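Chain naming here is simple, since letters A, B, ... match the order of the sequence lines and numbering starts at 1 in each. Keep in mind that this is a model prediction, so the values were computed, not measured. Computation of the quantities below employed the complete heavy-atom set of this structure, encompassing side-chain atoms and omitting hydrogens, waters and symmetry-equivalent molecules.
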Protein chains: 2
Amino acid sequence: MAFALIHGLQSLQITSQECIFMSRSFHTQNDTSNNRCYAIKACINNSGEDSHLESKLNLVLDSVKWDEKGLAVAIAQNVDSGAILMQGFANRDALATTISSKKATFYSRSRSTLWTKGETSLNFINVLDIFLDCDRDSIIYLGKPDGPTCHTGSETCYYTSIFDSLKEPQVEKSKLALTTLYSLESTLAQRKEELSASQQGKPSWTKRLLLDDKLLCKKIREEADELCRTLEENEDDSRTLSEMADVLYHEMVLLIRRGLRFEDVLEILRFRFTQSGIEEKNSRKAKFVK
Amino acid sequence: MAFALIHGLQSLQITSQECIFMSRSFHTQNDTSNNRCYAIKACINNSGEDSHLESKLNLVLDSVKWDEKGLAVAIAQNVDSGAILMQGFANRDALATTISSKKATFYSRSRSTLWTKGETSLNFINVLDIFLDCDRDSIIYLGKPDGPTCHTGSETCYYTSIFDSLKEPQVEKSKLALTTLYSLESTLAQRKEELSASQQGKPSWTKRLLLDDKLLCKKIREEADELCRTLEENEDDSRTLSEMADVLYHEMVLLIRRGLRFEDVLEILRFRFTQSGIEEKNSRKAKFVK
């Protein structure tokens, strides 16, 4: 008897009739996991297309350069923010399960079993695409997490800066591995928190903006205008980049002023311009026709 | 005789007198590598501070949960774009070298030697911070690449989409693992390229903007104004997010119109608000005082 994994394949533009038989993958101790049931449906349509799709999948799985233990490194990355959420290992079954269930799934080396991130916490990582590196021995699960990924409650598992540790090894503070945009966002949020503390000396520019909506809006309009003028007046590229940085910074202050996250802006853009966002896009005024 | 690694420690606010002796790390076959010479300076100041710093470093290196082969996974990530550039393995020496040289360095399992990414191509990855995960067995080198990371000339090593392969395994196209912002940027750049092709039917909104600077600038000013009004008129959070998405999209079209990259805008922001950017910031009008 064969099991088929059709759940995740629908958005690959593969019809639901195109089931994949993966008896090898699911005739393991993990078959009984209730947590992965959403991903597995019995296939009732055993057509030629099935074996075609099965061979496609086997081709891909065979092409991975599994190590001597049958593993490859698997890195989960937040599709919107770009944050590296966690890193684990995948074996053939874990990758096949991720492909079908679209939930980031790994192989636990300590427990010798598959595990889907979120099966306990419900903070699944919803995988939108999967990438192999040039050596085909390293995998990215590019996806959207339902909540904090780390078992500690941290957004990602990477919150220990070695450079900070070298400065003060005794006081190891939690500091997420933030890329530029989110590092800026974090700094702005900190400035907002500091507003409630008693202010000594002249407030910083960010704090002045956070305290004065009129000033903030005046600056956003001004900076947007200056960005436009670099195009209208054919100024240097460096001017455009600099003005774009200016307007983006001020816009981010407005987001922080309202307690909003840049990641949520990106999610809206993703809904608008990606395949998965077509329905959402169609329900809106057709502003962003690609 | 001892060698000291001081190059990379200056920006850790550790004085240049605080050398680290790492005779163990550099009494290997790799000592002779000319490519790593920039990172290693003979220490002439053997003070008590040196051994203090050495013990700090050893504490950090000891805290890593090296596997049975003495390795941990090391992932290089672009600090501005968030792109995962490559993944390799680090042993104790590779991590120590990265800490000191600030160039992403790995341990080659096939050649049983350290290697610094870029020692052949000169496309180094300049490491700004290093993070450990909660299990302390996975490392992020957060840095800025000097050029394409992949030996194929690709910006990153991850350009094979498994979902694409499942659709058309014979025609495996190169498609970088792009997060939302860069996926949008890539789509906009594609629309710009298509402008030269003969146009059939009504052009998309993006193409209309790319062809009409007046329209583009009018829209950026309008959308910036609409974003501001969500604050001034205390509209719903969802309105602010949506208007921010609108203005960001139009601003990105302007960048593409001018042939510029969003990553370079982020680099400017990083120079302005991070420690390493203080000198650059001071040379400008003090606009962004944190």
Side-chain angles (χ1 to χ4, degrees), chain A residues 12 56 59-60 73 75 77 79-80 82 84 87 129-134 138 140 142 150 152 157-158 160-163 165-167 169 177 179-181 184 187 204-206 213 217 220-221 224-225 228 231-232 237 240-242 244-245 254 258 260 264-266 268-270 273 288-290, chain B residues 12 56 59-60 73 75 77 79-80 82 84 87 129-134 138 140 142 150 152 157-158 160-163 165-167 169 177 179-181 184 187 204-206 213 217 220-221 224-225 228 231-232 237 240-242 244-245 254 258 260 264-266 268-270 273 288-290:
Chain A
L12 293 175
K56 272 183 179 177
L59 215 64
V60 167
V73 167
I75 305 160
Q77 185 179 29
V79 66
D80 289 325
I84 297 174
Q87 177 261 311
D129 210 340
I130 304 174
F131 289 84
L132 287 175
D133 78 342
C134 50
S138 182
I140 295 178
L142 193 63
C150 189
T152 61
C157 292
Y158 298 88
T160 304
S161 158
I162 285 189
F163 286 180
S165 303
L166 283 173
K167 286 181 216 161
T179 52
T180 297
L181 205 52
L184 171 59
T187 300
S204 68
W205 180 243
T206 299
D213 291 350
C217 291
I220 290 175
R221 290 183 175 102
D225 179 67
C228 290
L231 177 62
E232 291 163 339
D237 286 350
T240 303
L241 290 172
S242 178
M244 179 65 197
L254 187 143
R258 299 222 58 179
L260 301 173
D264 293 333
V265 174
L266 293 178
I268 289 175
L269 283 173
R270 177 162 52 82
F273 75 85
F288 287 14
V289 183
K290 284 198 289 184
Chain B
L12 293 176
K56 271 185 182 177
L59 214 64
V60 167
V73 167
I75 304 160
Q77 185 180 28
V79 66
D80 289 326
I84 298 175
Q87 176 260 311
D129 210 339
I130 304 174
F131 289 84
L132 288 175
D133 77 343
C134 50
S138 182
I140 294 178
L142 194 62
C150 189
T152 60
C157 292
Y158 298 87
T160 304
S161 158
I162 286 189
F163 286 180
S165 303
L166 283 174
K167 286 181 216 160
T179 51
T180 297
L181 206 53
L184 171 59
T187 300
S204 68
W205 180 243
T206 299
D213 290 350
C217 291
I220 290 174
R221 290 184 175 102
D225 179 68
C228 291
L231 176 61
E232 292 164 338
D237 287 350
T240 302
L241 291 171
S242 178
M244 178 65 195
L254 187 143
R258 300 224 55 181
L260 300 173
D264 293 333
V265 174
L266 293 179
I268 290 176
L269 283 173
R270 177 161 53 82
F273 77 85
F288 287 12
V289 184
K290 285 197 290 182

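Taking OG from B:Ser242 and CG from A:Leu269, the interatomic distance works out to 9.0 Å, rounded to the nearest 0.5 Å. To the nearest 0.5 Å, atoms OG1 (B:Thr152) and CG (A:Asp133) are separated by 10.0 Å. Remark: B:Thr179 OG1 to A:Leu266 CG distance equals 8.0 Å, nearest 0.5 Å. A distance of 12.0 Å separates CE in A:Met244 from CG in B:Asp264, rounded to the nearest 0.5 Å. In this structure, CZ on A:Arg221 lies 13.5 Å from CZ on B:Arg221, to the nearest 0.5 angstrom.
Proximity to chain B involves both the backbone and the side chain of A:Ile84, based on heavy atoms less than 4.5 angstrom apart. Contact annotation for A:Ile130: both backbone and side-chain heavy atoms come within less than 4.5 Å of a heavy atom of chain B. Only the side chain of A:Ile75 comes within contact range of chain B, judged by heavy atoms closer than 4.5 Å.
B:Arg258 meets the salt bridge (Lys or Arg N to Asp or Glu O under 4.0 Å) test with A:Asp237; sequence neighbours excluded. Judged as a salt bridge (Lys or Arg N to Asp or Glu O under 4.0 Å), and not counting sequence neighbours, the contacts of B:Asp213 are B:Arg257.
Between chain A and the options B:Ile220, B:Leu254, B:Asp129, the largest number of non-hydrogen pairs under 4.5 Å is found for B:Asp129. Most heavy-atom pairs under 4.5 Å with chain B, from the set A:Thr240, A:Leu231, A:Val79: that is A:Leu231.
A heavy-atom distance below 4.5 Å is found between the side chains of A:Gln77 and B:Gln77.
The shortest heavy-atom contact between A:Ala177 and B:Leu142 is C-CD2, 4.5 Å. In this structure, B:Phe273 and A:Thr180 approach most closely via the heavy-atom pair CZ-O, 3.3 Å.
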